[in-house]
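Below is one structure; the comments refer to it alone.
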Amino acid sequence: MTGGARMTRVIVVDDQAVVREGLVLLLGLLPDIEVVGSAGDGEAALRLVGERRPDVVLMDLRMPRMDGVEATGRIRAEFPDTQVVVLTTYSDDESVFAALRAGARGFLTKDADADDISKAIATVKRGDAQLDPTVQRRLLDTMSAPMRQTPATTGNTPPPPPGIVRDGLPDGLTPREGEVLALIADGLSNTEIAARLYISEATVKTHINNLFAKAGLRDRAQAVSYAFRHGVAHPQ
């Protein structure tokens, strides 16, 4: 431990023994991280989380008996203080969306290096989201593309462009909450949002808590998906 801070307790889940053991060894060399267990499938991971109560689970997706998506959903439902970072070979849209819907706060591909993994673990432990840059770009592209192409469904009035809501925001969001949501989707931190909107960081946090409650969101990754799905975000 450094500076008296508590070590981040991590469990590694991967069905390939070589990968799993390699990750355990790698994480064991990183400062402030304590590997408290490893598992080869989702069922074993769920039992281990109940026994060890880690801060973060590093989760593979494609595994026997119980895959990583189901395991993530079960862990987040039964042990909400444990966060999940997906580390997988698969970065297709279906895998990304399924993992985020299940409650994962991080998504990395297996070409991530030690710094990427360490940063993701620290980020999700704080309650924020961390997506691989390539995955995040593809997520934003996928979520914004249909809005640019979908024709109006009623009347002759074309739909508003993404980022503009003519008849009010979804789920009763206020205009300021809509602005905060759009900036979250643009990848800004709370500090950056506060500077952009000339408000305090505490006020930003209040807006985020309110909009998350209204929209039924768990984290920033879900907020990005929600913002593009409802035309609140600004496509890159």
Side-chain angles (χ1 to χ4, degrees), residues 1-61 63 66 68-89 96 99-100 102-133 135-136 184 187 189-191 201 205 208-209 212 217-224:
M1 288 182 285
T2 61
R6 187 174 73 87
M7 300 280 277
T8 300
R9 294 164 54 82
V10 177
I11 284 176
V12 175
V13 185
D14 197 295
D15 65 325
Q16 297 182 33
V18 172
V19 175
R20 185 171 66 250
E21 292 168 5
L23 287 170
V24 169
L25 179 61
L26 173 65
L27 293 176
L29 298 175
L30 297 178
D32 301 326
I33 289 180
E34 177 188 6
V35 179
V36 296
S38 64
D41 61 69
E43 286 187 4
L46 189 62
R47 290 195 301 271
L48 199 57
V49 169
E51 295 169 3
R52 307 290 172 82
R53 299 301 176 95
D55 300 298
V56 178
V57 175
L58 199 60
M59 179 77 73
D60 189 21
L61 285 185
M63 297 182 295
M66 182 189 294
V69 170
E70 182 179 353
T72 295
R74 294 278 300 277
I75 289 169
R76 294 295 296 135
E78 297 178 29
F79 309 100
D81 291 335
T82 297
Q83 308 298 339
V84 176
V85 173
V86 169
L87 181 64
T88 181
T89 305
V96 174
L100 296 181
R105 288 184 180 268
F107 196 108
L108 299 175
T109 55
K110 284 185 177 175
D111 58 356
D113 59 24
D115 287 341
D116 295 329
I117 296 173
S118 178
K119 180 180 178 183
I121 289 172
T123 298
V124 302
K125 184 184 178 184
R126 292 196 306 267
D128 294 326
Q130 180 74 34
L131 303 181
D132 179 275
V135 170
Q136 182 165 341
I184 289 174
S189 67
N190 288 358
T191 301
E201 192 168 345
K205 291 178 181 178
I208 290 174
N209 288 338
F212 274 29
L217 304 172
R218 284 192 296 262
D219 51 54
R220 293 173 96 94
Q222 286 193 345
V224 171

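With hydrogens and angles disregarded, a donor-acceptor distance shorter than 3.5 Å links the side chain of Arg105 to the backbone of Arg218. A donor-acceptor pair under 3.5 Å is formed between the side chain of Arg52 and the backbone N or O of Val36. Between the side chain of Ser118 and the backbone N or O of Ala114, no donor-acceptor pair lies under 3.5 Å.
Applying the salt bridge (charged side-chain N to carboxylate O under 4.0 Å, His left out) test to Asp116 and every residue at least two apart in sequence or in another chain returns nothing.
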Inset, instruction - With side chain to side chain contact (heavy atoms under 4.5 Å, CB included) as the test, would you mind laying out the steps for Arg53 and Asp81 before giving the verdict? - result: CA-CA 8 Å; Arg53 299 301 176 95; Asp81 291 335; over 6 Å; no
Inset, instruction - Could you walk me through whether Leu46 and Leu48 pass side chain to side chain contact (heavy atoms under 4.5 Å, CB included), step by step? - result: CA-CA 5 Å; Leu46 189 62; Leu48 199 57; over 6 Å; no
Inset, instruction - Decide side chain to side chain contact (heavy atoms under 4.5 Å, CB included) for Asp15 and Asp41; before the verdict, give the C-alpha distance in whole Å, the side-chain angles of both, and the deciding distance to 0.1 Å. - result: CA-CA 6 Å; Asp15 65 325; Asp41 61 69; 5.8 Å; no
Legend entry - Stepwise side chain to side chain contact (heavy atoms under 4.5 Å, CB included) check, Ile121 with Leu30: CA-CA 11 Å; Ile121 289 172; Leu30 297 178; 5.8 Å; no
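In this structure the side chain of Lys110 reaches within 4.5 angstrom of the side chain of Asp14, judged on heavy atoms. Between Leu23 and Ile117, some side-chain heavy-atom pair lies under the 4.5 Å cut-off. Using a 4.5 Å heavy-atom threshold, the side chains of Thr82 and Val57 count as touching. In this structure, Val84 and Val56 have side chains that are not in contact, with every pair of non-hydrogen atoms separated by 4.5 Å or more. A 4.5 Å side-chain heavy-atom check between Leu87 and Leu61 finds every atom pair outside the cut-off. The closest side-chain heavy-atom distance from Arg20 to Gln16 is not below 4.5 Å. Using a 4.5 Å heavy-atom cutoff, the side chains of Val13 and Leu58 are not in contact. Between Asn190 and Arg220, the closest side-chain pair of non-hydrogen atoms falls below 4.5 Å.
Taking all atoms of both residues into account, the shortest heavy-atom contact from Gln130 to Thr123 is OE1-OG1, 3.4 Å. The two residues Ala104 and Val86 come nearest to each other via the heavy atoms CB-CG2, 3.8 Å. Nearest heavy atom pair, residue Val24 against residue Ser38, reads CG2-CB, 4.0 Å. Contact record, Ala120 with Leu108: CB-CD1, 3.7 Å, taken as the closest heavy-atom pair. Residues Ala223 and Phe212 share a closest heavy-atom pair of CB-CE1, 3.9 Å. Of all heavy-atom pairs spanning Ala71 and Met59, the tightest one is CB-CE, 3.7 Å.
Once rounded to the nearest 0.5 Å, the distance linking CD1 of Ile184 with CG of Leu217 reads 8.5 Å. With values rounded to the nearest 0.5 angstrom, Thr8 atom OG1 is found 11.5 Å from Gln83 atom CD. Taking CG from Leu26 and CD1 from Ile33, the interatomic distance works out to 8.5 Å, rounded to the nearest 0.5 Å.
Salt bridge annotation for Asp32-Lys125: absent, with no cationic side-chain nitrogen under 4.0 angstrom from a carboxylate oxygen. Between Asp55 and Arg6 there is a salt bridge, since a side-chain N of the basic residue sits under 4.0 Å from a carboxylate O of the acidic one.
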